[in-house]
Amino acid sequence: MSHQQSSSFWKKVYSYIETPFLIIEKIGYKYILGPFRWVLSLIDPLAEKIEGTLFKRILQVIIYPLFLTLCIYIGFELIEGGYTIRTFFGTIVMFLIFGAIFAPLEHLIPFSKKWLDDKEMPTDVMLFFGGKFWGDYINAPIKLATITLVVQEISPTIGQNIWPSGLHSVLQVFILLSAKDFFRYWYHRWMHESEFMWSWHAVHHSSTRLYWFNGTRSHPLEGLIASILWGIPLAFIQAPVEIVFVTGILGRTIGRFQHTNMDLILGPFDYIFSSPKNHRYHHSKKVEEGNSNYGGDVIFWDILFGTFYLPKGKTPSDDIGVGGMPNYPQTFLGLMLAPFNYRKIKREAEAIEARKVNADK
C-alpha cells in the first residue's frame, strides 16, 4: 500500500469514527441547547436597556466578591459534620445553581457579544463528561496510588505539625489556595514554554470564546499528570479535610469566573486572583500576551515571577484560540486526538500560512 493510499485509508477510518460524535454534537446544539438559547435571547434586549446605568455598574462591582464569599460560606456549611452524601449532592446542586445564574448574567452584562454564540458548547459538554468519567474512574485511582507510594517512600512524617491550624479557617483556605497554586503555576508555565507539553495544553486554548463552562475544556491525560504533580507536595502539607474541601470549592468558583463572559469591574481583585480580565490575555493568540498570567486561582505568583500582564488602559481582545493554527480541530474526537496529531496540524498550519504569503505577493 502506497503512502497516499494509507493516508486515504486512515482518513476514512477517522471519518467513520467521528460521524457519531458529530451527530451527537448537532443534536445537542439544535434540540437540547435550543430551548435554553431561546430563553437566554430574551435577556439580550435588557442588556441594551441597562447600558450606562448605575444598576449595571453595581452588578459589575459586587458579583465577584459576593460569589466568592457565598462559596466559602456554603462550603463550610456542606462540610460541617464531615464528608457525607449531603456534601456530595450539595456541591453538585451549588454549581448547578451557579451555572443557572452565570449564563443569564453573561447575556445581561457581556464582555463580548461575539462570545454569546454557543456553537462550541456541545463539544465542551462532551469533554466535561468524558473528563468526569476519566477523572473519577481512571485518573483518581492512579493519582491516589502514586501519591501514596511517593509519600510512603520519602517519609509519611514530613509535614506533620506544620499546618497553621490555629489560624481562622477562612485564612487557612487562602493559605492552601496559594500553596496549591504555587505548584500549579510552574506546571502551567512549563506547558506553555515546552512544545511537547503545549501539544497537550493547546486543547484547552482551542476554544474561540470564553464563557462560564469551558474552563473544563482540557485533554484528560493533561489532568492526570497535573493532579499527580500538584498532589504530591500538597500531600505533605496535611491540611485538615474541611480546609481542603472548601479550598476546592473556592478554586472551582474562581475557575468559573476566570472564563466568564461577564464584563466585571474588579479593581484590586485583578491583582490578587486569576480574574476574567487578566485571564483573557492568557488566551490571546499573541505569544507575548498568551505566555503570561499562568495562575489558576491567584495571580500574585505571576507578579512575583515576572509573568503578569495587565496593561493599563487596554482591553483584552475577544479574538482568541491557538495562535498560528487556524486548522486546529474543534470537534470532540479531533480534540482528543490533537496531541497525537500535533506535528501534522503544525505542518498543515505552516503550509496554509505559506500559501497565504505567496497569494499576497
Side-chain angles (χ1 to χ4, degrees), residues 36 40 43 58-109 124-125 128-129 131-132 135-136 140 163-181 184 210-216 223 227 230-231 234 237-262 264-270 272-276 279 295-299:
F36 294 100
L40 291 173
I43 301 172
I58 291 172
L59 278 180
Q60 290 176 299
V61 171
I62 69 168
I63 288 172
Y64 194 76
L66 177 63
F67 268 80
L68 294 194
T69 303
L70 278 174
C71 88
I72 293 173
Y73 174 78
I74 295 170
F76 278 114
E77 286 293 312
L78 288 174
I79 199 64
E80 188 179 14
Y83 193 90
T84 64
I85 194 71
R86 170 179 170 269
T87 311
F88 176 76
F89 284 108
T91 305
I92 294 174
V93 170
M94 172 185 163
F95 282 104
L96 285 174
I97 293 172
F98 276 17
I101 297 172
F102 272 46
L105 284 174
E106 288 187 332
H107 280 257
L108 188 63
I109 51 171
D124 289 328
V125 172
F128 170 77
F129 282 108
K132 179 71 174 168
D136 289 351
W163 185 257
S165 302
L167 296 177
H168 192 281
S169 54
V170 174
L171 185 56
Q172 290 184 54
V173 166
F174 282 102
I175 290 174
L176 183 59
L177 188 78
S178 304
K180 182 186 77 169
D181 220 41
R184 186 178 180 181
L210 295 179
Y211 69 109
W212 69 274
F213 187 72
N214 72 343
T216 59
S227 58
W230 302 340
L234 291 175
I237 293 178
Q238 299 185 20
V241 65
E242 64 272 14
I243 301 301
V244 174
F245 175 77
V246 177
T247 302
I249 283 187
L250 178 59
R252 275 180 280 171
T253 303
I254 292 171
R256 295 292 183 274
F257 273 109
Q258 193 183 62
H259 278 242
T260 188
N261 187 25
M262 285 184 246
L264 302 176
I265 300 172
L266 300 185
F269 289 115
D270 281 323
I272 300 172
F273 297 107
S274 182
S275 69
H279 195 69
D297 295 320
V298 298
I299 206 66

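FYI, side chains are in, hydrogens and waters are out, and symmetry mates aren't considered; it's all heavy atoms of this structure.
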Pair Y64-I265, side-chain contact (heavy atoms from CB on, under 4.5 Å): steps then yes or no: CA-CA 9 Å; Y64 194 76; I265 300 172; over 6 Å; no

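Separating the CD1 atom in I299 from the CD atom in Q258 is a distance of 8.0 Å, to the nearest 0.5 Å. Note: M94 CE to R252 CZ = 8.0 Å, rounded to the nearest 0.5 Å. Interatomic distance, CG of L96 versus CD1 of I101, reported as 11.5 Å (0.5 Å rounding). To the nearest 0.5 Å, the span separating CD on Q60 from CG on L108 amounts to 9.5 Å.
With hydrogens and angles disregarded, a donor-acceptor distance shorter than 3.5 Å links the side chain of D181 to the backbone of D297. Between the side chain of S275 and the backbone N or O of F269 there is no donor-acceptor pair closer than 3.5 Å.
Residue-environment remark: CD (E80) stays at or below the threshold of 12 foreign heavy atoms within 6.0 Å.
Looking only at side-chain heavy atoms (C-beta outward), P276 and L266 come within less than 4.5 Å of each other. Here the side chains of L40 and P104 are in contact, with some heavy-atom distance below 4.5 Å. Here the side chains of I74 and I249 are not in contact, with every heavy-atom distance at 4.5 Å or above. Between L264 and I109, the closest side-chain pair of non-hydrogen atoms falls below 4.5 Å. You'll find the side chain of H279 stays beyond 4.5 Å of the side chain of I254, heavy atoms only.
Residue A239 comes nearest to V244 through the heavy atom pair O-CG2, 3.9 Å, listed as atom of the first residue, atom of the second, then distance. Between S274 and G295, the closest heavy-atom pair is OG-O, 2.9 Å.
Not counting sequence neighbours, the partners of S169 by the side chain to side chain contact (heavy atoms under 4.5 Å, CB included) test are F76, I243. Scanning for side chain to side chain contact (heavy atoms under 4.5 Å, CB included) contacts around L66 gives L70, with sequence neighbours left out. Every residue two or more places apart in sequence or in another chain that forms a salt bridge (Lys or Arg N to Asp or Glu O under 4.0 Å) with D124 is listed here: R217. Among residues two or more places apart in sequence or in another chain, the side chain to side chain contact (heavy atoms under 4.5 Å, CB included) test is passed with E106 by Y211, W212, T260, N261, M262.
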Expected list for residues 171-179: side-chain donor-acceptor pairs under 3.5 angstrom, two or more places apart:
from: Q172; atom 1: OE1; to: W163; atom 2: NE1; distance (Å): 2.6
from: Q172; atom 1: NE2; to: S165; atom 2: O; distance (Å): 3.2
from: Q172; atom 1: NE2; to: L167; atom 2: O; distance (Å): 2.8
from: S178; atom 1: OG; to: F174; atom 2: O; distance (Å): 2.8

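Within the structure, every pair that satisfies the side chain to side chain donor-acceptor pair (under 3.5 Å) test and touches residues 84-100, not counting sequence neighbours, is listed here: T84-T87.
Two rings, from F67 and F102, have their centers less than 6.0 Å apart.
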